There are 2 protein chains.
Amino acid sequence: MMARTTIDDVAARAGVSIKTVSRVLNDEPGVRSETRGRVREAISALSYRPSLPARSLAGRRSNLLGLVYANPSANYVFDVQSGAMARCRDAHLRLFIQSCNDRGDETVEDVLAMVDQTHVDGLVVTPPLSSDAELIAALEERRVPFVRLAPDVVGTRSPAVVMDDEEAAREMTEHLLALGHKRIGFVEGHPDHPSSRLRRSGFEAALALAGLDEDQPVEQGHNDVASGLKAGRRLLTRVDRPTAIFASNDDMAAGVIQAARELGLDVPRQLSVAGFDDSQIASIVWPALTTIRQPTYDMAFAAAGLLIDLVRGRQVPAVTRLDHQLVLRNSTGEAP
Amino acid sequence: MMARTTIDDVAARAGVSIKTVSRVLNDEPGVRSETRGRVREAISALSYRPSLPARSLAGRRSNLLGLVYANPSANYVFDVQSGAMARCRDAHLRLFIQSCNDRGDETVEDVLAMVDQTHVDGLVVTPPLSSDAELIAALEERRVPFVRLAPDVVGTRSPAVVMDDEEAAREMTEHLLALGHKRIGFVEGHPDHPSSRLRRSGFEAALALAGLDEDQPVEQGHNDVASGLKAGRRLLTRVDRPTAIFASNDDMAAGVIQAARELGLDVPRQLSVAGFDDSQIASIVWPALTTIRQPTYDMAFAAAGLLIDLVRGRQVPAVTRLDHQLVLRNSTGEAP
DNA sequence: TTGTAGGCGTTATCAT
DNA sequence: ATGATAACGCCTACAA
């Protein structure tokens, strides 16, 4: 590789000292605009690009943010990366992405090693790492600024970006009510996930608001297709069979559809089925699922934005709640 | 953040000079093994982690590799990243990942800026960037070591890791022919992806070999489910409806299955559908897709390995070809 | 408004 | 086999 263009080259060409160039680079005040112009010109003429390592070594910022994940879902990871990268690009920062080990204390070790070695200014921590108590504690102890994406528990120490599970569940329920359904079954999510409770209470709130009998059938699920299938069978073999079933996630909704097929029920003509998440399976299953879209890209974009504010010492809200979206597909229809 | 542990701390604890610590860090010869042990001990006792920026500033290596992509497929990108990261982890190197703009000369600018700023030692260039002539030329001019993943033209200047798209497509087509299909529709991949052409020509070669009418219906797709759906609709509403459709990737094949369902066609009894890639979606759709397993992860792993050899000055083969595999599932069957 | 000197944490060079 | 010292390219602190 040829000798790199340095700040000295720029300074020489613009006829100023390197300190002045540095000021222009960092948008610092105290440079006459005419001088600033000359420097800018020199920079682009030489297509000078400041060395990130040199900056992070000399300054107290590295202009590098980090993103850690330990997630098996390609689509989710891809969206998260894209959102965070886009925000960083806007701010002329770089993003260092790392996939981490998710078994035990290796996680903490993994992340801290990355932070130490790369000198990132801060971290976007994505689920499930964002709910890893050990990791969170370790980061707080190190005073590494970080923003959590969709954490289970919203602590007050680090900012979090979330969506409104309760409100979304309410909207979905209202959609079903609007279609004329009076008996709506609910499949609750995994008991360990806080979002499960939120989604159920959204469901119940909508029913209450509609003045509907609160005694609607509810089954416990565990967020996988198999538990959705079982719950579906139980709900659909009741004497007072519901005309719609709202499952707390898409996988369970897919299970419910299977149960309906077993029993010879047509979806959505005889049974409406609704999911939650808008994961890949939602558009693959037949009929495609009416569901709630979690704005993954936007959440990551926002998280990176908050992190930027955070490392620049600005105040940021503890919780940022982004809008979800009701996605209408073919699994829901008029009540029979 | 608390004061970082530096090489001086380690040197002090081990009772040696920082140069000796540096030698141990870099596995350089000329250190008594007893001394080496003491240093190693000090390193782990202090959980010292050398600063990447400092190393890249001082040395002629940064211990950082880069990976660039400009690809809309989440699954592909995810696999590529995972493979390259794993290889880097093995070699105790870090990987800097960047998504690039894919419009015109911005691409070159984007990549070069990244290289300059981060000081990466070399680059893994993934498709479609690996076939971007301008970019390749620019990288060669800069003398940036790089390895290309699945490039369309295999040049001699930079090493390439490929699979045999043409041969694989031929095998798949032969599979369909063996099942007795005589009218086979083809959904071509994204026009910017070099593999698209190769897959099509493999398809056509097999037909020619079978002495079949070459005038089989072909539709253009864009590697996503939506374009597969559209292409499927067009193919399946022809008067001379094909009994099998071979889509250039799994996402589009999933779209074709949707189209079939819309039209009330049973897969595979009335229509066989074949995909390519063996991505996640292939085993999620119903029926599960017969497809070609592209060893994406392994290819990226290999590419990173070659790059490591390259930056260390070792000789590497110009072309590394990895084996694909025909995966038979339930979406293909006897011609009706 | 601009410039000078010193240092960030490591590797390279040249001693010893 | 080991160490002292000068880079690397930039920013911080202070001076002019």
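Just so we're on the same page: letters track the sequence lines, and every chain starts at 1. Quick caveat: nothing in here was measured; it's all calculated off a predicted structure.
The local environment of CZ in A/R49 is crowded, with over 12 non-hydrogen atoms from other residues, nucleotides or ligands closer than 6.0 Å. Within a 6.0 Å radius of CD in A/E140, more than 12 heavy atoms belonging to other residues, nucleotides or ligands are found.
Under the side-chain contact (heavy atoms from CB on, under 4.5 Å) test applied with A/R36, the options A/E34, A/R38, A/R40 reduce to a single match, A/R40.
Distances shorter than 4.0 Å separate none of the side-chain N or O atoms of A/T20 from OP1 or OP2 on C/dT1.
With rounding to whole Å, B/H119 atom NE2 is found 17 Å from C/dT10 atom P. Computed from coordinates, the A/D8 CG to C/dG3 P distance equals 13 Å when rounded to whole Å. Between A/R55 atom CZ and C/dG9 atom C1' there is a gap of 18 Å when expressed in whole angstrom units. Whole-Å rounding puts the A/I7 CD1 to C/dT4 P distance at 13 Å.
Counting non-hydrogen atoms under 4.0 angstrom, A/P53 reaches nothing in the nucleic acid.
The main-chain N or O of A/S44 is never found under 3.5 Å from a side-chain atom of A/S47 such that the two would form a donor-acceptor pair. In this structure a side-chain-to-backbone donor-acceptor pair under 3.5 Å is present from B/R148 to B/S130. Looking at B/D79, its side chain never comes within 3.5 Å of a backbone N or O of B/Y76 through a donor-acceptor pair. Under a 3.5 Å cut-off, the side chain of A/R4 and the backbone N or O of B/D116 do form a donor-acceptor pair. Not a single donor-acceptor pair under 3.5 Å links the side chain of B/S279 to the backbone N or O of B/N75.
The side-chain contact (heavy atoms from CB on, under 4.5 Å) test applied to B/D132 returns B/T107, B/E134, B/L135, not counting sequence neighbours. Among residues two or more places apart in sequence or in another chain, the side-chain contact (heavy atoms from CB on, under 4.5 Å) test is passed with A/S82 by A/F78, A/Y297.
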Pairs under 3.5 angstrom, nitrogen or oxygen only, protein versus nucleotides 12-16 of chain C, please.
residue, atom, partner, partner atom, Å
C/dA12, OP1, B/R60, NH1, 3.4
C/dA12, N7, B/K19, NZ, 3.1

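Taking both residues in full, the closest heavy atoms of B/L64 and B/F96 are given as CD2-N, 3.7 Å, listed atom of the first, atom of the second, then distance. Annotation for A/P159 and A/F146: closest pair CD-O, 3.5 Å, computed over non-hydrogen atoms. Closest non-hydrogen pair, A/D110 versus A/C100, comes out as OD2-CA, 3.6 Å.
For the helix from C/dT1-D/dA16 to C/dT16-D/dA1, the end axes, each set by the C1' atoms of five terminal pairs, are bent relative to each other by 30° (nearest 10°).
A 4.0 Å heavy-atom criterion places the boundary nucleotides of DNA chain D facing chain A at D/dG9 to D/dA13, written 5' to 3'.
Within residues 29-49 of chain A, the residues having any heavy atom under 4.0 Å from DNA chain C are, by residue number, A/G30, A/V31, A/R32, A/T35.
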